[in-house]
Amino acid sequence: MTNPERKVWSQDYSEWFHKVIAEVPIYDTRYPVKGTGIWMPFGYRIRREVLRIIREELERTGHEEVLFPLLIPDYLLGKESEHIRNFEDEVYWVTHGGKTPLEVKLALRPTSETAMYPMFKLWINAYSDLPLRIFQIVNVFRYETKATRPMIRVREVSTFKEAHTAHATREEAEEQERIGVEVYSKIFERLKIPFLKTIRPDWDKFPGAERSVAFDTVMPDGRVLQIGTVHFLGQGFAKAFDIKYMKSDGNYEHVWQTCYGISERAIAALISVHGDDHGLVLPSEVAPVQAVVIPIVYKGREEEVLKRCKEVKDALESSGLRAAIDDRKDITPGNKYYAWEMKGTPVRIEIGPRDVDSNTAVLVRRDTLKKAPVKMEGLVEEVRKLLMQIDEELAKRSKEWMSSKVRDAETIEQAKDELDARGGIVELNWCGRINCGEELEKTIDARILGVPFDKEGEIETPLSGAKCAGCSGTATKRIRVARSY
RNA sequence: GGGGCCGUAGUCUAGCUUGGACCAGGAUGCAAGCCUGGGGCGCUUGUGAUCUCGGGUUCAAAUCCCGACGGCCCCA
């Protein structure tokens, strides 16, 4: 069998996603609190590998992991006015200790700026305390009023990686912003998730930030999912929380800050971007099982086949690969194929009496389902080679998929037609006026994602002589428009 | 913020409009056995639902009404 279809995957993505997370199983949505879910063992292992990558890339670039409390007193949460204005309608409050009303209400963190920055004030005194780079991986709570969706819009974000940095100068903080963007790029590249970096428009920035750079990917149904953000905070929070350091001349200055976050949405994207109608397809780095051995057992030859399978599994493991053997007796091989394909296992190794006789095994790759016989000698090397090929193919395939979903448009009618037909992201010229932007969003029935952040170090793309697709005025920016989650 | 749809075994679903012959039918799953075994085989038997919860109408409620909780959609 070859060429697994992507029919359900693309035509009924929502159903596909629910089915996959339930059947693998990855995430159980049946817990009776709206917008929450349970990470099941196999899903948890995927999550753990993803977090390993995130930790590696952050630690490699000088970020240290910490852990802050879940509870934030109301007077801290309200300190930065713009920040609180945007969050106050979706905060969960702890108002009682037992039956006693609390004098100070406590919020379940919707994000941790207001928990961390009072401590930054205590930790940062002098130039020598900077830069400060920390991160934590925690759960955060947001009382979402829109319909929730497993992993994509939840009330308890169970996997929220937030990094926070403080610097002596604007330049250093801006440099950190670039580093944050690079770190995230590296993380998504390792996950083989294609993305576009976009500077969000002013009205869609992180509350309290000067600038927000977002990572967006395109889901199978053509809708855009934001999978990560990097924020340049300027001195807004530093002033609100009075975070100052003493300069060499003895004067004090407020620090310059950045923060950036990734949530389990990245895992939702990982699952969605690579999958097909047989279920998950995982890059080798995050696959809980990288190669599974399936014995093809015939009566009278069970033992020699199983023995060979065991040898292969041991050889794979001792070379550092995550391997498993499926020696369940009560189900047929075909059944096992489907089960391990659903789990996204990159390589399957079939070994039956024929293979024992000829000293071979059959390798099957998950992405294409193509089978190939290999000799026992050098089998481990062949598996490794195949894993690399699969990873390359996944990166290539997902990138091509994404590029096919990003197109140019001259007019808003054209933009609307493109989004109606294929979804994805449309780029067009814009004058930069907010009124025009609102009108444009309404007409196209889509969101302005913002301006590209794709060219090295370039913050906005200036235009000359071009016309705004919305009002025909002079265009000043190239913007991306999409229907998003 | 406004409007709408939905909730039946682990999962998907029939039944609801027109209340009664439904102590709720099917598929899938799960368990046992036989048969098989290089792509979900087949057969037999078994298992599993106080019809989301609470209240109301009625001689009678899965079915009608109200509320809560949960799931989903559309508009702003």
Side-chain angles (χ1 to χ4, degrees), chain A residues 1-5 8 12-38 40 85-86 88-90 143-156 203-204 221 223 276-279 292-306 308-309 312 326-343 345 347-358 360-366 368-374 420 437-448 483-485:
Chain A
M1 178 181 285
T2 53
N3 302 325
E5 288 196 9
V8 180
D12 210 334
Y13 162 65
S14 199
E15 183 194 312
W16 179 89
F17 186 73
H18 278 91
K19 191 177 158 214
V20 167
I21 62 173
E23 271 190 31
V24 166
I26 293 172
Y27 190 82
D28 197 326
T29 59
R30 292 171 300 176
Y31 190 75
V33 176
K34 185 181 173 73
T36 64
I38 295 138
M40 299 298 284
R85 241 199 337 274
N86 275 272
E88 64 188 345
D89 288 339
E90 38 184 80
Y143 186 78
E144 289 284 353
T145 50
K146 287 183 182 175
T148 56
R149 190 180 271 272
M151 283 192 251
I152 290 172
R153 175 167 285 117
V154 287
R155 285 185 169 179
E156 179 185 9
W203 64 82
D204 204 16
D221 59 358
R223 284 170 79 182
D276 62 31
D277 285 0
H278 287 231
V292 62
V293 185
I294 312 275
I296 312 297
V297 177
Y298 283 84
K299 270 211 168 62
R301 303 199 62 181
E302 294 95 335
E303 273 186 27
E304 48 181 327
V305 168
L306 282 171
R308 175 59 62 82
C309 288
V312 168
D326 191 344
D327 55 4
R328 286 178 292 176
K329 292 187 174 54
D330 44 351
I331 59 172
T332 59
N335 226 315
K336 295 177 185 178
Y337 300 164
Y338 277 89
W340 288 98
E341 279 164 14
M342 178 60 68
K343 287 179 191 297
T345 310
V347 174
R348 179 172 81 232
I349 303 166
E350 305 173 6
I351 298 176
R354 285 204 310 250
D355 302 291
V356 175
D357 292 340
S358 59
T360 56
V362 175
L363 297 193
V364 189
R365 52 188 288 180
R366 175 60 184 89
T368 61
L369 296 186
K370 289 210 169 71
K371 295 188 175 196
V374 293
D420 285 344
E438 279 173 359
E439 194 57 36
L440 194 144
E441 284 190 333
K442 230 162 106 182
T443 313
I444 303 181
D445 186 26
R447 241 182 77 198
I448 294 179
R483 292 178 186 147
S484 63
Y485 275 97

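Letters A, B, ... mirror the listed sequences (proteins, then strands); counts begin at 1.
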How long is the line joining NZ of A:K336 and C1' of B:C41, in whole Å? 16 Å
Sorted by chain and number, sequence neighbours left out, side-chain hydrogen bond (donor to acceptor under 3.5 Å, both in side chains) with A:E156 holds for A:N139
Neighbour count above 12 (heavy atom, 6.0 Å) for A:Y143 OH: no
Carboxylate-amine/guanidinium contact A:K442 A:E439, below 4.0 Å: no
Does either side chain, that of A:T148 or that of A:R153, offer a donor lying less than 3.5 Å from an acceptor on the other one? no
base_contact_polar (B:G40 base, A:E341 side chain, donor-acceptor, <3.5 Å): no
Measuring from the side chain of A:R149 (C-beta onward, heavy atoms only), which nucleotide among B:C41, B:C73, B:G38 has the closest atom? B:C73
Using the C1' atom as the point on both nucleotides, what is the distance between B:A76 and B:U13, in whole Å? 35 Å
Out of B:G39, B:G40, B:G38, whichever nucleotide has its closest atom nearest the side chain of A:N335: B:G40
Rounded to whole Å, NZ of A:K329 lies from P of B:A32 at a distance of 14 Å
Ranking B:U36, B:C72, B:G38 by distance to the side chain of A:I296, first place goes to B:G38
For RNA chain B, produce a single dot-bracket line, 5' to 3'. Pairs: Watson-Crick or G-U wobble, both distances under 3.5 Å. Symbols: ( ) within strand, [ ] crossing, | other strand, . unpaired. (((((((..((((......[....))))((((((.......))))))....(((((..]....)))))))))))).
In whole angstrom, give me the gap between the P atoms of B:G56 and B:U63. 14 Å
Toward the 5' end of RNA chain B, by each residue's nearest nucleotide, A:I351 or A:K442: A:I351
Sticking with atom C1', work out how far B:G3 lies from B:G25, rounded to a whole angstrom. 36 Å
Would you sort out whether A:R223 and A:S484 count as a side-chain hydrogen bond (donor to acceptor under 3.5 Å, both in side chains), showing the intermediate values? CA-CA 5 Å; A:R223 284 170 79 182; A:S484 63; over 6 Å; no
Inter-nucleotide P distance (B:U17, B:C65), Å rounded: 10 Å
Among B:G39, B:G71, B:G38, which nucleotide sits nearest the side chain of A:R354? B:G38
Any base atoms under 4.0 Å from A:S14, or only sugar-phosphate, or nothing? Heavy atoms, all strands. nothing
OH of A:Y337 versus C1' of B:G40: gap in Å, rounded? 12 Å
Whole angstroms only, please: what is the OH-P distance between A:Y338 and B:G29? 13 Å
A:T332 side-chain N/O to B:C41 phosphate OP1/OP2 under 4.0 Å: yes
Taking the side chain of A:K299 as its heavy atoms from C-beta onward, which of B:G37, B:C72, B:G39 lies nearest to it? B:G37
In whole angstroms, how far is the C1' atom of B:U28 from the NZ atom of A:K19? 11 Å
Hey, does the side chain of A:H18 come within less than 4.0 Å of B:C72's phosphate (OP1/OP2), counting only N and O? yes
Does atom NZ of A:K19 have more than 12 heavy-atom neighbours, drawn from other residues, nucleotides or ligands, at distances under 6.0 Å? no
Measure OH/A:Y298 against C1'/B:C35 and give the value in whole Å, please. 15 Å
How far, in whole Å, is B:C69 from B:C53 if one measures between their C1' atoms? 7 Å
I'd like to know if A:E302 pairs up with A:K329 as an ion pair, taking the criterion as any Lys NZ or Arg NE/NH1/NH2 lying under 4.0 Å from an Asp or Glu carboxylate oxygen. no
Can you figure out which of B:G38, B:G71, B:G39 approaches the side chain of A:V364 most closely? B:G39
Under 4.0 Å between any heavy atoms, over every strand shown, what does A:R301 touch: base, sugar-phosphate, or nothing? Just pick one. nothing
Take A:D327 and A:K336 through the test salt bridge (Lys or Arg N to Asp or Glu O under 4.0 Å) and record every step on the way to the result. CA-CA 9 Å; A:D327 55 4; A:K336 295 177 185 178; over 6 Å; no
Mind checking the P distance from B:A62 to B:C22? Whole angstroms is fine. 13 Å
Decide yes or no on salt bridge (Lys or Arg N to Asp or Glu O under 4.0 Å) for A:R328 and A:D330, but give the supporting numbers first. CA-CA 6 Å; A:R328 286 178 292 176; A:D330 44 351; 5.6 Å; no
Looking only at side-chain N and O atoms, does A:R153 come under 4.0 Å of OP1 or OP2 in B:G71? no
Span that lies between the P atom of B:A49 and that of B:A9, in whole angstrom: 10 Å
Go through residues 20-38 of chain A and report each residue with a non-hydrogen atom lying under 4.0 Å from RNA chain B, sorted by number. A:R30, A:P32, A:K34, A:G35
In whole Å, measure the gap between the P atoms of B:C23 and B:C73 for me. 36 Å
Whole-Å distance between B:C75 C1' and A:E441 CD? 15 Å
Take the protein atom CG of A:D89 and the nucleotide atom P of B:G1, then report the distance between them rounded to whole Å. 6 Å
Taking all heavy atoms of A:H278 and all of A:L369, pick out the closest pair and write down the distance. CE1-CD1, 3.9 Å
With A:R149 as the cation and A:Y485 as the aromatic partner, state whether NZ or CZ is under 6.0 Å from the six-membered ring centre and within 45° of the axis. no
State the CG-OG1 distance between A:D276 and A:T368, to the nearest 0.5 angstrom. 10.5 Å
